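Source: prediction; values computed, not measured. These numbers come from the heavy atoms of this one structure, side chains and all, not from hydrogens, waters or symmetry mates.
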Amino acid sequence: MNVYAPILVLAAIAAAFAIVSVVIASIVGPKRRNAAKLAAYECGIEPLPPAADMVQRFPVKYYLTAMLFIIFDIEIVFLYPWAVASDTLGWFGLLAVALFIVNVSVAYAYEWRRGGLRWD
């Protein structure tokens, strides 16, 4: 148990800091609420008045941007461990990362072809 004591103390300090920060911010922070602040806001789209029969559709651009983020996020997550252990992996590691880059490049090419990189 002595081995885990510093980890538990650090977790308790982090949790206490988070809780105290939220409580202090809610006490000290300004409380000027209005309709504009309480309205939903979605990536630059002006919110529409709520209606039971209205379905709001989001442009495909949002999904393409999310896909681009996922492609590069996964690429970075997998390339860091490879970069750390690249000396011990040898040619097998180099071939594996080359195949991974080819696979990610296919997704990147798809994203580019669908117009996900154009910021109109």
Side-chain angles (χ1 to χ4, degrees):
M1 187 64 180
N2 289 337
V3 177
Y4 296 109
I7 296 172
L8 294 174
V9 169
L10 183 63
I13 291 172
F17 178 75
I19 292 169
V20 168
S21 296
V22 170
V23 169
I24 289 176
S26 66
I27 292 171
V28 177
K31 294 172 182 61
R32 293 181 299 252
R33 293 188 168 90
N34 57 28
K37 285 185 179 181
L38 297 176
Y41 180 76
E42 183 68 36
C43 300
I45 297 176
E46 291 293 326
L48 299 174
D53 60 340
M54 186 171 61
V55 176
Q56 183 178 2
R57 300 182 73 141
F58 291 103
V60 175
K61 181 74 172 170
Y62 295 112
Y63 301 110
L64 290 176
T65 304
M67 193 171 98
L68 187 66
F69 171 75
I70 290 171
I71 289 169
F72 287 117
D73 191 41
I74 290 173
E75 181 180 14
I76 294 301
V77 164
F78 284 118
L79 284 180
Y80 270 122
W82 175 81
V84 170
S86 63
D87 293 340
T88 59
L89 295 176
W91 286 104
F92 174 75
L94 184 63
L95 179 65
V97 82
L99 289 174
F100 177 71
I101 294 295
V102 167
N103 192 13
V104 169
S105 297
V106 169
Y108 175 70
Y110 174 78
E111 180 81 18
W112 188 0
R113 184 164 171 84
R114 297 292 290 177
L117 300 177
R118 274 185 263 135
W119 295 100
D120 299 309

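No continuous path of ILVMFWY side-chain contacts below 4.5 Å connects L95 to I101, so the two sit in separate hydrophobic clusters. A chain of hydrophobic side-chain contacts below 4.5 Å, direct or via other Ile, Leu, Val, Met, Phe, Trp or Tyr residues, connects W91 to V97. Tracing side-chain contacts under 4.5 Å through hydrophobic residues (I, L, V, M, F, W, Y), one reaches W82 starting from I71; they form part of the same cluster. Criterion: ILVMFWY side-chain heavy atoms under 4.5 Å apart, direct or through other members. Under it, I70 and Y108 are not part of a common hydrophobic cluster. A single hydrophobic cluster is not seen to contain both V84 and F92; linkage of ILVMFWY side chains at heavy-atom distances under 4.5 Å, directly or through other members, places them apart.
The shortest distance between side-chain heavy atoms of F72 and L68 falls below 4.5 Å. Under the 4.5 Å side-chain criterion, counting only non-hydrogen atoms from C-beta, L10 is not in contact with P6.
Across all their heavy atoms, S86 and A83 have their closest contact at OG-O, 3.4 Å.
The distance from atom OH of Y110 to atom CE of M67, rounded to the nearest 0.5 Å, is 5.5 Å. For the atom pair CG (L89) and CG (D87), the distance works out to 9.0 Å, reported to the nearest 0.5 Å.
The hydrophobic cluster around V77 extends to none of the other residues, as no ILVMFWY side-chain heavy atom falls under 4.5 Å of it.
Residue F78 places its CZ atom among 12 or fewer non-hydrogen atoms of other residues, nucleotides or ligands, all under 6.0 Å distant.
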